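What you see is a predicted model; the values in this text were computed from it and never measured. So you know, we letter chains A, B, ... as the sequences are listed, proteins then strands, and number each from 1.
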Amino acid sequence: MNGAPEIAPSQGLASRDALRKVIARTATRAQEFEQLVPILGALLPMFLWVDPQGKICALGATLQKAMGGRSVLGQPFERFFRIGRSRDRLERCQDAGTPLCAAQNQAQSCDRRMGRCGASLMRLAQQRIVHLTLVEAPGIGLRGEAFSVGQAGEAGILLSLSFGIHLREAVAEFALTDGDFSPADLAIDLLYQQEAKALVTGELRALTSRLDKARKAAEAQALSDPLTGLANRRAMDAALDQALAGAARGGAGFTLVQIDLDHFKQVNDSLGHATGDYVLGVVSEILRDSLRVGDLAARMGGDEFVLLMRGTMTPEQIAELGARLIGRLSEPIRFEGAESRISGSLGVVRSIDYAAPEKARILWDADVATYAAKAAGRGQCILHQPSEQEPRSVPKAG
Amino acid sequence: MQGLVNRSIQNFLSDTFGEEVWRDIAQRSSIPEEGFEAMLGYDEAVTDTLIEAACTRLNRGRLDLLEDLGAYLTTREAVRRLLRYGGRDFVDFLRSLNELQGRTQMALDYLHLPELFLLEGEKDHFALEVRAAQPGWGAVLAGLVRAMADDYGALALIELIDPAPDGTERLSLRLLDHSHSRGRAFELSHAVGGAG
């Protein structure tokens, strides 16, 4: 149309695997291949061409930046690269051209990493994926593929590399810009995606953490008595279920102490609800003080409390605990100039006293023991007796 | 960040041994029955407590159980696919283990998987070094790599060997047959969990 020379359409390119053979056929001499270097540099800013002696012949501008920008042309490959994530430097084999060279000696296979004979480089060209590590920046790996160039690799190998998963680190370490990547390369999109994803993940994590906090707070609220901060009836129910399951599995038993305050109604009636609430607060402190790790104190409602103590307490230990609690509950409580005097009646039940402890039965027996304590004149602690006989009062300790 | 790790162990236990067993283990290790949130952080000690409780409940050795955990992970199609991104054949996959930590960190930078080093020995012999803050990852990797050999259709001997003097866990891998069976299919285009 305008006199431009006509270019015959290419035959079309074969699969990538077949292209390896094409590359190996096309440039039979290094000199011919050299003419392609500017094109390679334009298309693949991270290409690397290594001659059969293992010296760097040419490389792309971005890879050059990753090498610290200094001149590496003509320098041995192993000075700058390691193969895989090996921490060892590549060793240079000195056997090339001598009778010792395994690669030239058909009977032996060469296992040397790097040699002037080029055999080791040819091995790289046989791997589908090549991993390299930068000697100067061992945290950064390169990934790519290697092509053997020329007949039997007489023009060396050509590597097409990328930073792979170390892209972000490489960009930071070598101060790379978008100009260092081809617009056809997905590197910038990958960086963008990583940053965007980090932002979204961060938001999701913050949300999860907020929801988790809210859930825990709601749970704690649902399980605690707002006035005293002790557990509520629901929480005690769940804890008792768990303790019963543990005991059924053959684990340690438990001791349940039910506490009914004595004379609380009078305090409430004569001194008012504010004083009553204050007294309940003091009681909850006293109960809290008696807890060991793993024990639970709950306000079941009104002036009724329950302690769930892990382990089986002996009658003596129960008597001692009862006396201590009653002693402290009986101390006068001062609030706004007035003095309140209360006490407590305690009914105690132990899981060990039942062949097959059952919740309803245990709570009923605890109630019965508490009423017995009240009937015995208040300020008493009574351990429920498993046998048919009547519950008996525990002798007061100390 | 232990949430994802703990959640995986939870899923392994409840999928393999049943909800009942999971609840029992959770109770023994004082973990709420509903278990872990993948996106939350937990103390590392919780993981150890959990594994210990599971071993006691199931009457299994720790390494034994952890190897099963590794194999279990590959039965999750989404995880299997991510592992198959490692390469076209089993040797490619082994080499890709070098990048596993980096790849997972690209996806979730708060997840710290162990650092893996593949050492290539004589023909078809490999060693995998597992550098992690917590011991046990070696056994998980042994189970996982063994299952992936099956997935690729390769026949390989994979064993946990004595750790290095500095505590680095090590696996010995011997590839007996690259294409022993057909292996399972993997197509890049068959993503699960949709990009929708």
Which portion of B:Asn98 sits near chain A, non-hydrogen atoms under 4.5 angstrom: both

If every non-hydrogen atom of B:Met39 is compared with every non-hydrogen atom of A:Thr208, which pair is closest and at what distance? CB-OG1, 3.7 Å

Quick one: does A:Leu190's side chain get under 4.5 Å of B:Met106's, heavy atoms only? yes

Are more than 12 heavy atoms, taken from residues, nucleotides or ligands other than B:Gln134, located less than 6.0 Å from that residue's CD atom? yes

Has A:Leu191 got more than 12 heavy atoms of other residues, nucleotides or ligands less than 6.0 Å from its CG? yes

Checking heavy atoms, do the side chain of B:Leu100, its backbone, both or neither come under 4.5 Å from chain A? neither

Take atom CZ of B:Arg182 as the centre, draw a 6.0 Å sphere, and report whether it contains more than 12 heavy atoms from other residues, nucleotides or ligands. no

From CG (B:Leu40) to CZ (A:Arg205), nearest 0.5 Å: 9.0 Å

Pair count under 4.5 Å, heavy atoms only, with chain B: among A:Glu169, A:Gln242, A:Lys197, highest is A:Lys197

Interface moiety of B:Glu115 toward chain A, non-hydrogen atoms closer than 4.5 Å: side chain

Looking only at heavy atoms and a cut-off of under 4.5 Å, which of B:Glu37, B:Arg88, B:Arg95 has the most pairs with chain A? B:Arg88

Evaluate salt bridge (Lys or Arg N to Asp or Glu O under 4.0 Å) for A:Arg215 paired with B:Glu34, printing each intermediate quantity in order. CA-CA 12 Å; A:Arg215 183 181 59 82; B:Glu34 66 272 16; 3.1 Å; yes

Is the count of non-hydrogen atoms from other residues, nucleotides or ligands lying under 6.0 Å from B:Arg60 atom CZ greater than 12? yes

More than 12 heavy atoms from other groups under 6.0 Å of CG on B:Asn59: no

Pick whichever of A:Leu207, A:Leu204, A:Asp212, A:Ile165 has the most heavy-atom pairs under 4.5 Å with chain B. A:Ile165

Check the surroundings of atom CD in B:Glu52: do more than 12 heavy atoms from other residues, nucleotides or ligands lie under 6.0 Å from it? no

